[in-house]
Asker: 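Questions regarding the structure given below will be posed in turn.
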Amino acid sequence: MERKFIPLIPIAVFMFVLLQTPDALPAQPVPVALSSEQDHARMMKLLNIQTLRRWADWDPASPHAANFDESKANEHLNTLPDVLVMANGDRVKTQTDWWQRRRPELVALFEREIYGRVPDNVPEVTWKVLSIDDDKVGDLPVIRKKLSGKVDNSAYPLIDVDIELTLTLPAKTPGEVPVLLALSVNEAFWEMFRQRMSEEQFNAMHSQAQQWKHQVVKKGWAYAELIATSVQADDGAGLTRGIIGLVNKGQPRDPGDWGALRAWAWGASRALDYFDTDKHVDADRVAVHGHSRYGKAALVAMAFDRRFAAAYISSSGEAGAKLWRRNFGEQVGNIAGSGEYHWMAGNFLKYAGPLSVDDLPVDAHQLIALCAPRPVFIGAGNRGDEWVDPKGMFLAALHADPVYRLLGAKPIEQQRFPPVETALTEGELAFRQHNEGHTPAPNWEIFLTFVDRYF
């Protein structure tokens with residue numbers, strides 16, 4: 001019988017190629033596609049929650065209308081946890097007690113029950129300068145750097161995350177300059193507003209929204225804009241994508257996983273990483289700013305990342321600087337509903353049923369206290385900004401006072417809620433309610449004067 005000769009080299013090559021091909025690796029799970037409503041229902045089932053309490057309505061004729069009556073606002077404040085009393089009942093007496101015991105305890109509670117925990121295996125971000133252009137902000141010459149932060153997705157190539165960041169510097173910088181980092185929106189957001197308004201209305205709103213940039217550059221400082229939704233989408237359907245989905249390999253969250261607010265704050269921290277490498281930036285003098293939902297995220301960033309030097313938190317309301325327990329404007333049920341739950345950890349849903357706001361182990365004053373002793377400016381509007389409860393934010397800052405005092409900082413200078421347009425800026429905790437609506441613009445000049453003491 002004739003023997004056939006089989007060459008050994010091609011077999012060896014074939015085996016080598018086979019071992020190197022992706023097919024030899026376990027198949028990657030495809031990202032799960034769920035609507036916000038479907039994912040919200042899934043999380044409720046995981047937590048064994050049958051129903052949630054009804055959210056507060058804007059409509060005053062609704063049986064579930066939000067409360068705007070000050071006489072009914074503070075009924076739950078008798079359960080407000082003491083910022084300086086630990087879970088075992090021990091009282092914080094020294095700065096060491098705060099840094100080594102109470103602060104870590106509060107961080108753990110906020111991570112588990114409110115905003116979620118950033119996983120240990122979040123991949124690295126590599127920053128790339130896409131372009132450097134000469135430009136002007138009003139009449140001031142500037143240098144604008146457009147950057148992209150590529151998140152390493154080698155462990156799960158099916159999801160890309162590219163963080164969008166723009167850094168604008170004064171054209172002539174004698175050395176390292178402070179930076180105002182704003183959590184911002186993309187052009188699609190502005191285009192949505194353009195279609196809803198007349199050209200005159202849009203130009204007026206857009207112009208007001210951009211004025212702060214001129215004020216910053218005029219001081220010789222830089223500003224940066226981080227597009228928050230390039231980090232994580234602002235809806236529940238996006239939770240299996242973005243940075244949260246990338247870490248979870250496209251699968252839905254567990255109840256303790258981070259939500260969008262914590263993800264946006266994580267993105268702000270990655271921008272801070274980049275600033276530390278830019279020779280024109282003083283990374284020790286970076287203030288973080290956000291308005292409305294991004295005000296919530298900016299406060300979370302300030303609380304969890306001690307590298308931020310200051311913060312301007314504008315109209316952040318519930319889930320931000322407003323006391324959860326204060327029954328005024330937006331309530332826990334609004335944040336726990338299918339439209340906004342994605343901002344939070346899944347565990348947060350418990351406090352809209354079966355638990356109540358009185359069962360929360362923490363409140364907003366303790367989130368503000370995590371920022372101590374660094375300067376924090378809390379602002380809001382008046383006409384049309386009642387939903388975010390300006391007084392509730394002032395009271396939260398007031399209840400954070402003991403930690404600022406303990407750490408040698410000067411707190412808010414008066415105990416009573418101030419009249420509109422009154423700036424309380426003498427201490428490291430500052431507050432002002434302007435007389436316009438839901439906008440940060442009227443408080444920018446006051447904030448910049450406030451933070452100039454530190455920058």
Side-chain angles (χ1 to χ4, degrees), residues 125-149 163-187 206-228 230-231 264-291 294-295 297-299 301-302 305-314 374-377 379 440-441 443-455:
V125 177
T126 301
W127 286 99
K128 180 180 180 181
V129 178
L130 300 179
S131 62
I132 302 177
D133 298 302
D134 293 328
D135 204 345
K136 281 192 173 184
V137 175
D139 58 343
L140 303 175
V142 296
I143 298 169
R144 183 164 287 119
K145 293 184 181 181
K146 187 176 181 181
L147 301 121
S148 175
I163 304 173
E164 298 175 36
L165 177 69
T166 303
L167 173 65
T168 303
L169 297 145
K172 295 181 180 179
T173 53
E176 296 179 340
V177 298
V179 177
L180 272 295
L181 170 64
L183 296 173
S184 192
V185 295
N186 57 20
E187 288 303 316
H206 192 264
S207 174
Q208 186 188 50
Q210 305 301 312
Q211 286 172 5
W212 68 273
K213 301 175 182 178
H214 188 271
Q215 296 175 50
V216 170
V217 176
K218 191 174 181 179
K219 293 182 76 68
W221 301 349
Y223 69 85
E225 293 179 282
L226 174 74
I227 305 303
S230 69
V231 179
W264 296 338
W266 173 87
S269 292
R270 303 292 71 78
L272 194 52
D273 293 342
Y274 167 76
F275 297 150
D276 204 30
T277 68
D278 193 305
K279 65 181 181 180
H280 298 298
V281 169
D282 184 350
D284 293 328
R285 292 186 292 169
V286 177
V288 62
H289 161 68
H291 173 68
Y294 298 134
L299 183 56
M302 182 72 172
D305 191 336
R306 290 167 58 190
R307 297 177 300 162
F308 285 109
Y312 171 21
I313 310 302
S314 175
R374 294 163 292 158
V376 174
F377 180 99
N443 274 339
W444 265 107
E445 184 177 355
I446 311 300
F447 167 70
L448 291 174
T449 300
F450 163 73
V451 81
D452 193 37
R453 298 205 303 264
Y454 310 96
F455 283 5

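Residues: numbered from 1 along the sequence shown.
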Asker: Ignoring hydrogens, what is the shortest heavy-atom contact between E176 and D282? Give both atom names and the distance.
Answerer: CB-N, 3.7 Å
Asker: What's the separation between atom NE2 in H280 and atom CG in L167, rounded to the nearest 0.5 Å?
Answerer: 9.0 Å
Asker: As a quick check of understanding, evaluate side chain to side chain contact (heavy atoms under 4.5 Å, CB included) for I446 and F377, giving each step before the final call.
Answerer: CA-CA 9 Å; I446 311 300; F377 180 99; 3.9 Å; yes
Asker: State whether the side chain of R374 and the backbone N or O of M302 hold a donor-acceptor pair below 3.5 Å, judged by distance alone.
Answerer: yes
Asker: Y274 side chain to L147 main-chain N or O, any donor-acceptor pair under 3.5 Å?
Answerer: no
Asker: Do V137 and K218 pass the side chain to side chain contact (heavy atoms under 4.5 Å, CB included) test, and can you show the C-alpha distance, the side-chain angles, and the key distance before you say yes or no?
Answerer: CA-CA 9 Å; V137 175; K218 191 174 181 179; over 6 Å; no
Asker: Run the side chain to side chain contact (heavy atoms under 4.5 Å, CB included) check on N443 and F450 step by step: do they pass?
Answerer: CA-CA 10 Å; N443 274 339; F450 163 73; over 6 Å; no
Asker: Let me confirm one number: the CG-CZ distance from L180 to R285, rounded to the nearest 0.5 Å.
Answerer: 11.5 Å
Asker: Exactly one of W444, Y294, F308 should register a ring-ring contact (aromatic ring centres under 6.0 Å, His included) with H289. Which one does?
Answerer: W444
Asker: For the pair T126 and K128, evaluate side chain to side chain contact (heavy atoms under 4.5 Å, CB included) and give the outcome as yes or no after the intermediate values.
Answerer: CA-CA 7 Å; T126 301; K128 180 180 180 181; 6.0 Å; no
Asker: Identify the heavy atoms of A283 and L272 that sit nearest to each other, and give their distance.
Answerer: O-CD1, 3.9 Å
Asker: Sort out for me which residue in D135, D134, D133, T166 forms a side-chain hydrogen bond (donor to acceptor under 3.5 Å, both in side chains) with R144.
Answerer: D135
Asker: So, for Y223 and W212, is the gap between ring centers shorter than 6.0 Å?
Answerer: yes
Asker: Mind listing the closest non-hydrogen atom pair of V281 and F275 along with its distance?
Answerer: CG1-CB, 3.6 Å
Asker: Can you tell if the side chain of D278 reaches within under 4.5 Å of the side chain of W127, non-hydrogen atoms only?
Answerer: no
Asker: Can you give me the closest heavy-atom contact between P141 and K136, atom names plus distance?
Answerer: CA-CG, 4.1 Å
Asker: How many angstroms lie between CG in D452 and NZ in K219, if you round to the nearest 0.5 Å?
Answerer: 3.5 Å
Asker: Please check if atom NZ in K146 has more than 12 non-hydrogen atoms from other residues, nucleotides or ligands closer than 6.0 Å.
Answerer: no
Asker: State, to 0.1 Å, how close V231 and G267 come at their nearest heavy-atom pair, and which atoms those are.
Answerer: CG2-CA, 4.1 Å
Asker: Keeping to residues at least two apart or across chains, list the salt bridge (Lys or Arg N to Asp or Glu O under 4.0 Å) pairs with something in residues 305-314.
Answerer: D273-R307, D305-R307
Asker: Which heavy atom of A298 sits nearest a heavy atom of L183, and at what distance?
Answerer: N-CD1, 3.6 Å
Asker: Could you check if a side-chain atom of I163 sits within less than 4.5 angstrom of a side-chain atom of W266, using non-hydrogen atoms only?
Answerer: yes
Asker: Taking the side chain as every heavy atom from C-beta outward, state whether T168 and K213 have any pair of such atoms under 4.5 Å apart.
Answerer: no
Asker: Nearest 0.5 Å please: distance from the CG atom of L226 over to the OG atom of S184.
Answerer: 8.5 Å
Asker: Do L130 and E164 come within less than 4.5 Å of each other through their side chains, counting heavy atoms only?
Answerer: no
Asker: I'd like to check L181 versus L165 (side-chain heavy atoms, cut-off strictly below 4.5 Å). Are they in contact?
Answerer: yes
